[in-house]
Amino acid sequence: MRTLDEQETTIVFEKLFKFVGNNLKNIVDNPAYEGPASDPLPGRYCFRLQKNRVYYASESLVKRATNVSKEQLVSLGVQVGKFTHHGNFHLTIHALPLLAANAKHKVWLKPTSEMSFLYGNAVLKAHLGRITEDINAGDGIVVYSMSDVPLGFGIATKSTKDVRKSDPQTMVVIHQGDIGEYLRMEDEL
């Protein structure tokens, strides 16, 4: 387990910024109220790398985890994503609560189309119940059910204005991750 170097930090923050925008400051400056009760000041959260996976954990948890050897440590905090062999960074579904709490752009799916998204399919205009304003093509989108339950995330293919003018079979969000992965890929997670 180690801290991210400058290049890795830049890559992770750029990916997170795509989904949360200026709310990235809330993620970085989030106070952690765990650890010794005698400490009056809250701790902070930090990002750590363990076996090409990036974790978001409180500093007090990281300090306690240093007592565990690298080979024995399986996970630490919330897994945000992982680096590929080529150095690319991919968000994992474990980051959904973090993204949903700070999401900048959102879409809500009709109840009849939730299962299609949870099976790994893209979101079509016909599936949309609501969509936030000011979405541009290429922005990160958090996908919700109509009852405000976060279902997953993806990348916008069209701006909000273009979506309103397009036909019902137009792809609006490219699927990147959904909560159905917990069942479909439980051996890999």
Side-chain angles (χ1 to χ4, degrees), residues 8 11-21 23-24 27 47 49-56 74-189:
E8 292 166 341
I11 292 169
V12 170
F13 282 3
E14 284 174 355
K15 183 67 86 165
L16 287 173
F17 185 81
K18 183 181 262 193
F19 286 89
V20 300
N23 292 336
L24 181 60
I27 295 172
F47 292 92
L49 185 70
Q50 169 72 11
K51 298 180 183 174
N52 82 346
R53 297 183 190 282
V54 177
Y55 294 95
Y56 179 69
V74 176
S75 179
L76 175 74
V78 177
Q79 181 181 330
V80 176
K82 59 184 177 181
F83 282 99
T84 63
H85 295 292
H86 297 291
N88 297 326
F89 181 72
H90 295 283
L91 290 171
T92 58
I93 191 59
H94 306 95
L96 183 60
L98 196 62
L99 296 177
N102 298 288
K104 183 178 176 185
H105 302 296
K106 305 173 185 178
V107 296
W108 288 264
L109 297 181
K110 294 177 182 174
T112 55
S113 57
E114 289 175 11
M115 288 305 293
S116 175
F117 180 74
L118 294 177
Y119 280 120
N121 297 321
V123 176
L124 304 178
K125 181 189 176 193
H127 297 162
L128 294 180
R130 292 187 323 209
I131 185 170
T132 57
E133 296 295 326
D134 300 329
I135 294 175
N136 295 316
D139 285 346
I141 305 283
V142 177
V143 179
Y144 289 86
S145 68
M146 289 302 282
S147 57
D148 285 331
V149 175
L151 300 175
F153 54 90
I155 302 295
T157 60
K158 296 187 175 295
S159 68
T160 304
K161 292 177 183 178
D162 293 340
V163 168
R164 296 189 197 283
K165 295 185 242 176
S166 62
D167 67 285
Q169 295 303 312
T170 303
M171 187 186 319
V172 177
V173 179
I174 298 171
H175 175 276
Q176 292 224 318
D178 66 81
I179 57 176
E181 289 180 20
Y182 286 118
L183 298 174
R184 290 193 314 267
M185 303 167 62
E186 64 183 310
D187 293 337
E188 298 172 24
L189 296 176

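Keep in mind that this is a model prediction, so the values were computed, not measured.
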Taking every heavy atom of P111 against every heavy atom of M146, the minimum-distance pair comes out as CD-CG, 4.1 Å
Scanning both residues in full, the closest heavy-atom pair of A95 with L91 reads CB-CD2, 4.5 Å
Tightest non-hydrogen contact, residues A137 and T157, listed as CB-O, 3.6 Å
Worksheet item: Tell me, do F153 and V173 make a side-chain contact under 4.5 Å, heavy atoms counted?
Response: no
Requested in this report: Say whether, by atom type as modelled, one donor and one acceptor occur between the side chain of Y56 and the main chain of I27 under 3.5 angstrom.
Outcome: yes
Rounding to 0.5 Å, atoms CZ (F19) and CG (N102) come to a distance of 13.0 Å
Result for side chain to side chain contact (heavy atoms under 4.5 Å, CB included) between I141 and one of L99, I135, I155 points to I135
Which is it for V78 and L98 under the side-chain contact (heavy atoms from CB on, under 4.5 Å) test, yes or no, and what are the steps along the way? CA-CA 9 Å; V78 177; L98 196 62; 5.7 Å; no
side-chain contact (heavy atoms from CB on, under 4.5 Å) for K104 and V20? Distances and angles first, verdict last. CA-CA 5 Å; K104 183 178 176 185; V20 300; 5.7 Å; no
Distance col, row K51:NZ vs L76:CG, nearest 0.5 angstrom, shows 12.5 Å
After noting the C-alpha distance and the side-chain angles of H127 and L124, does the key distance pass the side-chain contact (heavy atoms from CB on, under 4.5 Å) rule? CA-CA 5 Å; H127 297 162; L124 304 178; 3.9 Å; yes
Contact check, side chains of L118 and M115, non-hydrogen atoms, under 4.5 Å:
yes
Heavy-atom closest pair (L151 atom, E114 atom, distance to 0.1 Å) is CD1-CG, 3.9 Å
Can you check whether K106's main-chain N or O pairs, donor with acceptor, with T132's side chain at less than 3.5 Å?
-> yes
**Q.** Parallel, tilted or perpendicular: rings of F13 and F47 (30°, 60°)
**A.** perpendicular
If you count the non-hydrogen atoms of other residues, nucleotides and ligands that lie under 6.0 Å from NZ in K161, is the total more than 12? no
| said: Check whether S116 reaches the backbone of S113 with its side chain - one donor and one acceptor, N or O, closer than 3.5 Å. | reply: no
Output for pair (H94 NE2, R53 CZ), nearest 0.5 Å, gives 8.0 Å
In terms of heavy-atom contacts, T170 and K158 come closest through CG2-CE, 3.0 Å
When every non-hydrogen atom of H105 is compared with those of D134, the smallest separation belongs to CE1-O, 3.2 Å
Taken to the nearest 0.5 Å, the spacing of L109 CG from I131 CD1 works out to 10.5 Å
Aromatic ring pairing F83/F89, orientation class (parallel under 30°, perpendicular over 60°, tilted between): tilted
When rounded to the nearest 0.5 Å, the distance separating OH of Y55 from NZ of K82 is 10.5 Å
Rounded to the nearest 0.5 angstrom, the CD-CG distance for Q50 and N52 is 9.5 Å
Examine distances only and state if a side-chain atom of K110 and a backbone atom of A126 form a donor-acceptor pair shorter than 3.5 Å. yes
Result for side chain to side chain contact (heavy atoms under 4.5 Å, CB included) between L16 and one of N23, L24, I11 points to L24
